Amino acid sequence: MKLFKLAFRNLTRNKRRTLITLTAISGGLALFIWSITLATGSYQEMIRVGVSTMAGSVVVQGEGYQEEQEMEIGVPDADAVAETIAGLYPEARVIQRSFIAGLLNSPVNSIGIAATAIDPALEPLVSDWHEKIVEGEFLSPDDPRGILIGAKMAEALGVGLGDKLVMMAQGEEEVNSRLFRVTGVFRTGSAEMDGFLTLIHLDAARELLEQPGASTQVSLHLPDIADAPEARDAILAALGASAGAVEVLTWDEALPEMHMMLVRDEETNNVMMGFIGLIAAFGVLNTVLMSVMERMREFGVLLALGMPPSSLSSLVLLEGTLLGFVGVSLGLGLGLAASYPLIVYGIDFSSLMGMEQVDMGGVSMSAMIYGALDWERNILFCVAGLVMTALASVYPAWRASKLQPVEAMNHI
Amino acid sequence: MDIVKVNNLKRTYESGGLPVKALDGVDLTIQSGEFTVLMGPSGSGKTTLLNLIGGLDEPSGGTVVVDGKTLGEMKGNALSRMRLERIGFIFQAYNLIPVLTAYENAEFVLLMRGMPEAERRAKVMATLKAVGLEGMEDRRPNQLSGGQQQRVAVARAIAGEPALVLADEPTANLDSKTSDGLIELMKHLNDEMGITFVFSTHDPKVMAAAKRVVRMLDGRIESEELR
């Protein structure tokens with residue numbers, strides 16, 4: 001207690017220097033918490049959108065699809081697989097999708113497209129395609145001839161609602177073609193996607209590809225994707241003998257590019273935060289070392305009066321730690337306060353980006369980003385901040401413990 | 001009883017690459033309850049001798065025994081403990097801790113000893129009263145005059161009732177009136193409480209109050225005089 005009081009008063013001695021150091025620590029930490037909140041929010045949104053539209057928490061695909069990405073590789077008897085998974089997770093959503101690369105022809109133009117074949121009844125439960133329709137309607141479960149196209153594609157093909165289109169794709173033996181009628185036009189906000197993607201009925205895809213009962217992917221959509229690894233193992237076990245014909249992947253295995261981008265981005269953030277932390281630590285080192293050098297004479301007196309060198313070094317260490325503790329506490333408070341509007345009101349990047357949707361890691365997501373707190377990392381960096389500031393005081397504390405009373409008292 | 005016994009004490013410093021003998025074979029014995037003054041011109045070795053008796057510096061040769069213990073045989077914390085419990089220091093430049101109040105400065109040694117608060121408080125208040133600082137307990141050093149600061153330093157040195165108080169030119173920075181008061185105070189503490197004082201000084205008034213005067217020159221004891 002006596003050391004604590006002394007340490008606290010010593011810190012208030014040079015108020016300006018202490019304040020500058022506290023600002024460096026708390027400002028750095030607050031900036032970190034704010035930017036991590038923003039990053040976490042955008043990661044979560046990217047994962048949510050990416051996972052819901054392109055995969056699922058866990059996906060079952062035909063053996064080799066992940067490697068080859070060939071549309072003839074499907075999950076045989078996909079309905080049975082979907083039923084098995086639904087039996088395991090009755091509360092979660094299980095859907096099927098097929099992915100087709102083909103050619104779409106209108107009377108005036110032909111363009112290469114990527115079609116996602118969906119179950120119109122189930123798809124709206126996991127993704128938000130239906131919210132992006134700007135003209136017409138979403139696909140109907142009863143109409144396997146319906147097709148949804150992007151606004152840019154509609155323009156390129158010179159078609160509108162109700163117009164006919166012919167899709168050509170490679171079947172089992174030969175190139176097959178099938179007639180569709182435009183039931184809706186969507187706008188994702190990404191011009192690239194609007195010019196390239198179409199949505200069709202799963203039954204139509206099966207017919208086009210001559211794969212009755214098969215789909216490219218059966219996906220399980222869990223409320224919390226953190227449960228994905230456990231679910232993958234359960235699905236593998238439940239599929240039993242038929243598991244040999246399929247591959248069961250968690251979302252990060254199914255979307256490796258997106259996952260890698262998230263990992264890289266997080267690593268870059270950590271390095272940046274490390275630098276900020278280092279700068280703050282040097283601030284503390286400077287403050288504590290300066291205050292030690294200034295008080296050599298006083299330390300000599302303390303030693304002369306009988307303070308053991310170990311207590312003197314504890315005093316110096318305590319000063320640094322106290323500075324770190326106050327700085328980190330302030331930084332945490334400031335960071336959370338600054339993050340609050342980000343979480344509640346979000347931040348709109350559309351004017352900055354010049355578009356309403358941003359394409360990140362192959363995922364088109366809203367330019368309106370809401371923050372989300374990452375407590376694990378926030379706490380980790382608070383602890384790292386405390387450790388770094390304490391470590392910055394170790395050298396000054398060691399210097400103090402090595403002082404000889406007479407030499408220290410003669411120090412000018 | 002011998003409180004200090006110095007035997008053939010030597011201390012050599014290096015200055016500009018050359019050895020300088022600050023103490024050159026000093027023998028001195030101080031009895032408990034003495035009021036001893038070390039006199040001598042600057043550089044005669046008074047401060048060096050006080051520092052060595054107080055265990056603040058290490059001798060180049062010889063031994064120092066304080067309160068029956070040989071300082072050279074004590075290591076690290078044991079020496080700190082010895083200073084904390086048996087020796088009080090008064091410095092020329094007061095050397096108070098600027099962030100602590102008069103009360104807290106006087107309390108510091110007792111606090112370090114781990115004395116219970118009630119006992120500590122009673123001792124500190126009594127000591128501050130004894131040195132004439134009643135009512136100034138909450139002032140910090142920068143709110144006190146030089147004389148008052150030195151009184152706080154005296155209070156700090158004697159609050160723990162040490163066996164020995166070493167005072168290095170305690171009146172050097174004080175005006176004559178304040179200096180007189182301080183000498184009177186220490187004389188009184190010596191007479192009433194039996195605290196052993198060893199001073200280094202140039203001040204004839206301090207010398208006049210001493211029971212024993214030790215004159216030093218060039219690192220040696222030139223003469224001793226009992227009053």
Side-chain angles (χ1 to χ4, degrees), chain A residues 1-19 287-288 290-316 318-320 322-323 326 397-412, chain B residues 11 13 22 47-59 74-101 104-115 117 120 140-142 153 156-157 159-160 162 165-166 168:
Chain A
M1 191 57 202
K2 61 201 169 197
L3 284 185
F4 186 84
K5 190 196 245 181
L6 202 55
F8 181 78
R9 290 206 189 157
N10 283 332
L11 285 176
T12 58
R13 217 188 262 200
N14 192 329
K15 288 191 181 71
R16 187 188 298 174
R17 190 170 58 204
T18 302
L19 271 177
T287 304
V288 180
M290 285 289 288
S291 74
V292 166
M293 299 309 283
E294 273 175 12
R295 288 182 293 157
M296 283 291 189
R297 190 184 172 87
E298 193 178 310
F299 286 162
V301 175
L302 291 176
L303 290 169
L305 293 179
M307 182 184 251
S310 56
S311 296
L312 187 57
S313 58
S314 299
L315 174 71
V316 175
L318 195 60
E319 284 177 22
L322 203 59
L323 199 62
V326 175
W398 177 80
R399 283 279 305 258
S401 75
K402 293 292 162 200
L403 291 174
Q404 289 296 323
V406 167
E407 283 171 33
M409 281 195 290
N410 288 335
H411 196 273
I412 298 163
Chain B
R11 181 67 169 99
Y13 297 105
T47 300
T48 304
L49 181 57
L50 281 182
N51 287 340
L52 289 170
I53 293 172
L56 301 180
D57 196 6
E58 287 177 16
M74 302 176 87
K75 299 279 174 220
N77 284 356
L79 196 58
S80 296
R81 199 81 213 161
M82 169 84 181
R83 285 199 293 267
L84 186 65
E85 290 179 351
R86 307 301 293 157
I87 306 173
F89 291 91
I90 302 168
F91 304 98
Q92 181 180 341
Y94 327 135
N95 284 348
L96 300 176
I97 310 299
V99 291
L100 301 183
T101 62
E104 288 163 338
N105 265 288
E107 182 195 30
F108 188 80
V109 170
L110 306 182
L111 200 64
M112 290 296 298
R113 283 190 197 172
M115 186 181 284
E117 195 190 344
R120 210 165 65 218
R140 290 206 180 176
N142 60 3
R156 178 175 67 185
V165 172
L166 302 171
D168 188 12

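Model, not experiment: these values are computed from the prediction.
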Checking side chain to side chain contact (heavy atoms under 4.5 Å, CB included) for the pair Val99(B)/Arg295(A): CA distance, chi angles, key distance, verdict? CA-CA 12 Å; Val99(B) 291; Arg295(A) 288 182 293 157; over 6 Å; no

Between Arg140(B) and chain A, with a heavy-atom cut-off of 4.5 Å, which part of the residue counts as in contact: side chain, backbone, both or neither? side chain

Which atoms of Arg113(B) come close to chain A, meaning under 4.5 Å heavy atom to heavy atom: side chain ones, backbone ones, both, or neither? neither

Which pair of heavy atoms, one from Ser80(B) and one from Pro308(A), lies closest together, and at what distance? OG-CA, 3.7 Å

Value for OG (Ser311(A)) from CG (Leu84(B)), rounded to nearest 0.5 Å, stands at 9.5 Å

Distance from Phe89(B) atom CZ to Met409(A) atom CE, nearest 0.5 Å? 7.0 Å

Taking atom CZ of Phe8(A) as the centre, does the number of heavy atoms from other residues, nucleotides or ligands within less than 6.0 Å exceed 12? no

Flag the one option from Thr47(B), Val109(B), Leu96(B), Leu111(B) with the top tally of heavy-atom pairs under 4.5 Å to chain A. Leu111(B)

Do any N or O atoms from the side chain of Arg81(B) and from the backbone of Gly306(A) form a donor-acceptor pair under 3.5 angstrom? no

Nearest-0.5 Å distance, CG of residue Leu305(A) to CG of residue Asn105(B): 9.0 Å

CZ-CG distance between Phe108(B) and Leu6(A), expressed to the nearest 0.5 angstrom: 6.0 Å

Any heavy-atom pair between the side chains of Pro98(B) and Glu298(A) that's under 4.5 Å? yes

Going by the side-chain contact (heavy atoms from CB on, under 4.5 Å) test, name the single residue among Asp57(B), Leu79(B), Leu56(B), Asn51(B) that passes it with Pro405(A). Leu56(B)

Between atom NZ of Lys5(A) and atom CG of Leu100(B), what is the distance when rounded to the nearest 0.5 Å? 7.5 Å

Output for pair (Arg9(A) CZ, Glu104(B) CD), nearest 0.5 Å, gives 4.0 Å

Glu294(A), CD atom: more than 12 neighbouring heavy atoms under 6.0 Å: yes

